[in-house]
Number of protein chains: 2
Amino acid sequence: MIDRKNSVKLACVDGRSACPVACSLDLLGDKWTLLVVRDLLLGKTTYSEFQKSPEGIPTNILAERLKRLQAAGILEKSRYQERPVRYAYRLTAKGRDLRSVLSAMIDWGNKYIPGTIPREQIEAMVPQLPENS
Amino acid sequence: MIDRKNSVKLACVDGRSACPVACSLDLLGDKWTLLVVRDLLLGKTTYSEFQKSPEGIPTNILAERLKRLQAAGILEKSRYQERPVRYAYRLTAKGRDLRSVLSAMIDWGNKYIPGTIPREQIEAMVPQLPENS
DNA sequence: TTAGTTGCTTGCATATTGCAAGTCACTTGA
DNA sequence: TCAAGTGACTTGCAATATGCAAGCAACTAA
C-alpha cells in the first residue's frame, strides 16, 4: 500500500506547500520573528538588548522565538561569560542572508509608510552592514 | 498640558515604532497575508483562485485579509461582471512593489529550505514579472 | 544585607486561527 | 421547473497564539 501523501510532497518539512514563500512564512511569518532578526543584524546580541527595542516584545515570546530561531539554524547561542553566566545570540550565515528580505521591507516601508525612519539612518546604526556580503 | 505621547512619535500610524520593518510587519506579519500577495503577483484575481492555492487558506481568513489589504491600498476590488456579480482583486503599485520582498524570500527559501520549488519554475508561471519594473 | 541585573518561566486573559457549516444570488443541466 | 452547482462570502466555535504581570535563580555592586 502506497502512501500517496508522502510520495507527492516531501518538500519543505512540515510546510504547507513546496513554495519557498510559504515555507519561509512558516518560520518567519509573524509579528516578532523578523524584528529579532533585525536586532541581530543591528548588532544586538543579548536577551536584554532585544527586550529594550522600542516595540517592546513580551519576554515569553522573545524566549520562544530565540529557541525557534536557534532550532532553525538562524542563530547560535553561546555563553560569553561564566560567573555570572551571560549569553550572546549571533546570526549564522543562514540568518545573515535574511538581510535581503529585511532590506526590501525597509525600502517598501520607507516608500509607502510615512514617518518611518529612513534606511540611511538605520545603516548609520549598523556595525558593518553596508557592504554587500 | 502637553501630550508627550503624541509629540514623541507620530510616525507609522498606530504602529509599534517608527521602524519601517516593524510597520511593514504590522500589516504583513502573519502566515497568510504575503501568500495572498504572492497569488496576486502570479496573476490570480478571484476569491476562488486564492482558495485553490495549495496552502488552503481558510475562507474567513481570506475574506478578512482581502479587506485589510484593500483598506491598506495594496489591492483594489472591482466587479468585472454583473449578473452574476463577480469580483476581481488586483494589486496597486503599492502592492506590486512588495515583489522585492517576496523575491528575497524566494531566494532565501530556495537556498536554505530543501525541496522548495525553484525561482525559475515560479517565474515560468508568472504573466509578466521577469522584467525589473 | 539589600537592591539591582540578566535571562528566563509560569499563569492567565484576550485575540487570532482553523475548521465546518450555512447563506445568497445567481447559472447550468435534465 | 427544479435540483444541483458555483462564487463570494458570513457565522459559530474550538484550538492555538499573544500579551501582560509576576516570579525566580544566580549572580554583582553598594
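Letters A, B, ... mirror the listed sequences (proteins, then strands); counts begin at 1.
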Can you tell me whether the side chain of T59(A) and the base of dT9(C) have a donor-acceptor pair closer than 3.5 Å?
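Side chain to base: pair present.
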Measuring to OP1 and OP2 of dA25(C), would you say a side-chain N or O of Y87(B) lies under 4.0 angstrom away?
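No, Y87(B) has no side-chain N/O under 4.0 Å of OP1/OP2 on dA25(C).
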Which sits closer to the 5' end of DNA chain C, R65(B) or R86(A), going by the nucleotide each is nearest to?
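Mapping each residue to its closest nucleotide by heavy atoms, the 5'-most match is R86(A).
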Spacing of [X] atom [atom1] relative to [N] atom [atom2], expressed in whole Å:
X      : N       : atom1 : atom2 : answer
R79(B) : dC9(D)  : CZ    : C1'   : 13 Å
L62(A) : dA17(D) : CG    : P     : 17 Å
I61(A) : dA15(C) : CD1   : C1'   : 11 Å
E82(A) : dG7(C)  : CD    : C1'   : 15 Å
K52(A) : dT5(C)  : NZ    : P     : 9 Å
R68(B) : dT16(C) : CZ    : P     : 9 Å

Is D30(A) salt-bridged to K31(B), going by a charged N under 4.0 Å from an acidic O?
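No, this pair does not count.
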D97(B) bridged to K111(A) by N-O distance under 4.0 Å:
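So D97(B) pairs with K111(A) through a salt bridge.
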Can you list the steps and then say if E49(B) with T46(B) is a side chain to side chain donor-acceptor pair (under 3.5 Å)?
CA-CA 5 Å; E49(B) 282 179 303; T46(B) 65; 3.2 Å; yes
Out of L35(B), V36(B), L40(B), L41(B), which residue meets the side-chain contact (heavy atoms from CB on, under 4.5 Å) rule with R38(B)?
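When side-chain contact (heavy atoms from CB on, under 4.5 Å) is applied between R38(B) and each of L35(B), V36(B), L40(B), L41(B), only L35(B) qualifies.
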May I ask you to say what F50(B) touches in the nucleic acid, namely base, sugar-phosphate or nothing, with a heavy-atom cut-off under 4.0 Å?
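No contact.
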Position toward the 5' end of DNA chain D (nearest nucleotide), Q51(B) or N60(B)
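With Q51(B) and N60(B) compared, the 5'-side residue is Q51(B).
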